[in-house]
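First comes the structure, then the notes that go with it.
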Amino acid sequence: MGTEGGVVRDYRTANGENPAHEGRQSDNRAAPRSTHPGSRPRNHPPESNHRPSPARSAPRLGPATTLGTAALLSAVALMATSGYLISYASEMPPVLYLMMAVTAVRAFGIGRSVFRYAERLVSHDAVLRTLGTIRTAVYARLEQLAPAGLPAFRRGDLLSRLVADVDAVQDHYLRWRLPASIAAAVSVVSAVGLGLFLPAAGAVLAVGLLLAGAVVPAVAARLSGRTERRQAPARGELANTVVDTFTGTAELTVAGALPRRLAAVRAADADLTALAGRSAATTALGAGLVALLTGLTVTAAAAAGLRGVASGALAPVCLAVVVLTPLAAFEAVAGMPLAVQARERSRAARARLADVLEAPLPVAEPAAPVPLPAEPLPIAVRGLSARYPGGERDALSDVSLTLSAGRRIAVVGPSGSGKSTLALTLLRFLDRTAGTVTLADGCPQAVDSARASSDDVRRVIGLCAQDAHVFDSSLRENLRLARPGATDEELRAALASARLLDWADTLPAGLDTMVGEHGGRLSGGQRQRLALARALLADFPVLVLDEPAEHLDLPTADALTADLLAATAGRTTLLITHRLAGLAAPGAVDEILVLDRGRVVERGGWADLTADPGSRLHAMWQREQEADGLLLLDAR
Ligand SMILES: Nc1ncnc2c1ncn2[C@@H]1O[C@H](COP(=O)(O)OP(=O)(O)OP(=O)(O)O)[C@@H](O)[C@H]1O
């Protein structure tokens with residue numbers, strides 16, 4: 001089935017078969033502790049083993065084809081019986097003799113509209129259901145690919161795949177398969193039917209329909225196949241440059257690069273416009289050729305009819321039938337050149353969807369996920385290594401640590417040393433290549449996280465990411481994502497822990513204050529504090545804070561780090577940071593791991609490590625203090 005199968009094969013989660021992610025609610029889409037006992041058995045099968053057959057996903061077009069054929073045949077018969085009725089009526093027979101033809105004209109006239117309406121209803125219902133299935137499958141796949149697997153796709157291009165390419169798939173059914181089947185059926189029946197009146201006219205019609213319905217579309221496909229197939233990637237490119245330009249407008253303006261980016265957008269737009277122009281030219285050529293063939297066929301049928309009348313093979317009153325039937329029958333094939341163009345377009349779109357649906361998953365779900373222990377601590381990480389899909393080397397190598405109840409560990413290291421990779425691997429957004437992560441380590445109910453569903457693991461280990469998404473909603477709704485049933489008191493307590501309550505209390509609308517798109521009405525620090533409050537409200541047994549103070553100015557970053565260390569006191573926490581200032585306070589964290597190139601190169605308490613002049617942490621701390629001093633001088 002080629003790419004067609006590639007897309008259809010994977011529509012696995014449709015029809016509610018895999019309600020896998022209903023419980024994800026916070027930054028890491030995890031549910032609050034109160035809803036986690038970890039022992040709920042999963043009721044969805046592992047995705048990688050579960051692929052529905054194409055037969056179940058492709059729309060059933062049989063009824064629509066039958067109705068469409070009936071509608072077009074009614075139109076052909078209407079034309080033929082009208083011609084016959086007018087010719088016969090001109091002979092002025094008794095009215096009673098005309099009644100049968102009159103009734104047939106009425107029946108075919110009504111039939112054409114009724115069948116056409118029913119065909120549209122049935123075909124669109126079937127196809128839209130399939131589109132819904134495809135879109136669900138694409139969303140579900142994207143959800144599984146995120147976050148570690150998504151960088152393989154560009155954002156605008158993904159948007160285009162999600163919207164335009166999925167829509168283009170409907171063309172495969174509604175604009176190619178359905179009209180092609182109807183055209184074939186109507187052509188055969190019309191040519192045979194006319195042949196019964198006059199074999200020569202039937203033959204002429206058969207040749208005309210064959211040329212218009214098969215040869216012209218083949219020529220159109222040859223002329224524009226490449227153009228049609230290039231449209232979907234070109235649309236993706238345009239979407240990508242537009243999204244990139246919009247999201248980076250501020251930076252591009254500051255760097256003076258906006259004109260260059262706009263030129264790139266215009267170039268992508270011109271490319272797509274040129275493709276659309278070439279496609280339209282082919283459409284016009286196809287329509288022109290079909291109109292020409294219609295005229296030639298009607299003329300040849302009329303000539304054959306006249307010869308038949310002269311030789312006595314055709315009753316004169318039936319001449320109009322022979323002339324008018326081809327005119328109506330060509331309606332069936334008139335859209336075929338467009339249909340093959342739609343086929344080529346949707347073929348490319350389906351291939352692009354298959355890329356998404358068949359992209360390797362960064363995490364493989366176990367075939368039979370085991371329930372997690374009700375009390376998941378301590379969590380022992382031993383020899384953990386991980387690699388990104390397509391990566392040449394491990395981004396994380398042989399990392400070990402123990403997260404026991406209330407223990408706080410800081411992971412520091414230079415950019416690219418694997419800190420975020422450690423978080424992703426612990427949360428099972430990325431599969432490990434070696435090592436173990438044992439929940440309830442040392443207890444009889446100990447379980448390795450790889451044997452549980454990743455959703456369950458994310459109910460135990462929560463993440464407050466550096467780029468935590470803030471929704472375009474109110475403060476209250478943003479917080480309630482973590483715990484839908486939370487009372488205002490609980491929300492206020494979480495805000496207080498994140499040191500945001502004083503500010504929230506000054507707002508006229510209080511918790512109902514709208515925060516804007518991506519939290520645009522908040523400062524960077526307020527956004528991060530809101531994300532922290534949300535993570536605290538979710539009350540995960542283990543909280544991973546990944547660079548929560550990233551992108552903030554130094555005083556704000558240090559204040560936030562100090563506040564979040566205070567807010568997470570007594571909680572099991574893994575704090576990932578490249579800034580050390582917040583860790584210097586006595587008892588801030590229990591252990592510090594220094595990562596470099598994915599490996600733990602140093603570990604210990606703050607005091608011990610910084611006291612050793614040869615230690616990495618000592619050197620990092622010195623560098624940070626010197627840099628801060630220079631910044632202070634600059635500021636003065
Ligand atoms: N999605 C990805 N696909 C492939 N490689 C990746 C991906 N994300 C990160 N990497 C690579 O993995 C390595 C570790 O990256 P990671 O993001 O864990 O570093 P980090 O210590 O968190 O850096 P930073 O402090 O800058 O956030 C880097 O070499 C990086 O290039």
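Please read these numbers as outputs of a predicted model, since none were measured by experiment. One-based numbering, in listed order, for ligands and for the atoms of each.
Using a 4.0 Å cutoff on heavy atoms, Gly413 does not count as a contact of ligand 1. Not a single heavy atom of Gly391 lies less than 4.0 angstrom from ligand 1. Not a single heavy atom of Ala423 sits less than 4.0 Å from an atom of ligand 1.
Just one residue in the list Arg235, Arg350, Arg135 forms a salt bridge (charged side-chain N to carboxylate O under 4.0 Å, His left out) with Asp167, and that residue is Arg135. Checked options Leu463, Leu422, Val460, Asp546; the residue passing with Leu427 is Leu463 (criterion: side-chain contact (heavy atoms from CB on, under 4.5 Å)).
If you number the atoms of ligand 1 from 1 as listed, the ones under 4.0 Å from a heavy atom of Glu547 come out as 25 (O). Counting atoms of ligand 1 from 1 in the listed order, those under 4.0 Å from a heavy atom of Ala395 are 12 (O), 13 (C). Which parts of ligand 1 touch Thr421 is read off a 4.0 Å heavy-atom cut-off, strictly below it: atoms 14 (C), 15 (O), 16 (P), 18 (O). Against a heavy-atom cut-off of under 4.0 Å, Ser420 is close to the following atoms of ligand 1: 17 (O), 18 (O), 20 (P), 22 (O), 27 (O). If you number the atoms of ligand 1 from 1 as listed, the ones under 4.0 Å from a heavy atom of Pro414 come out as 21 (O).
Partners of His618 by ring-ring contact (aromatic ring centres under 6.0 Å, His included), not counting sequence neighbours: none found.
Using a 4.0 Å cut-off between charged nitrogen and carboxylate oxygen, Arg141 and Asp355 do not count as a salt-bridge pair. In this structure, Arg387 pairs ionically with Asp394, as a charged nitrogen and a carboxylate oxygen lie closer than 4.0 Å.
Below 3.5 Å of separation, one finds an N or O of Gly416 facing an N or O of ligand 1.
With hydrogens and angles ignored, the 3.5 Å screen pairs no side-chain donor or acceptor of Glu602 with any backbone N or O of Val594.
Nearest to atom 25 (O) of ligand 1 by heavy-atom distance, out of Lys419, Arg387, Arg393, His578, is Lys419.
Annotation for Arg603: atom CZ counts as buried by contact number, over 12 foreign heavy atoms lying within 6.0 Å.
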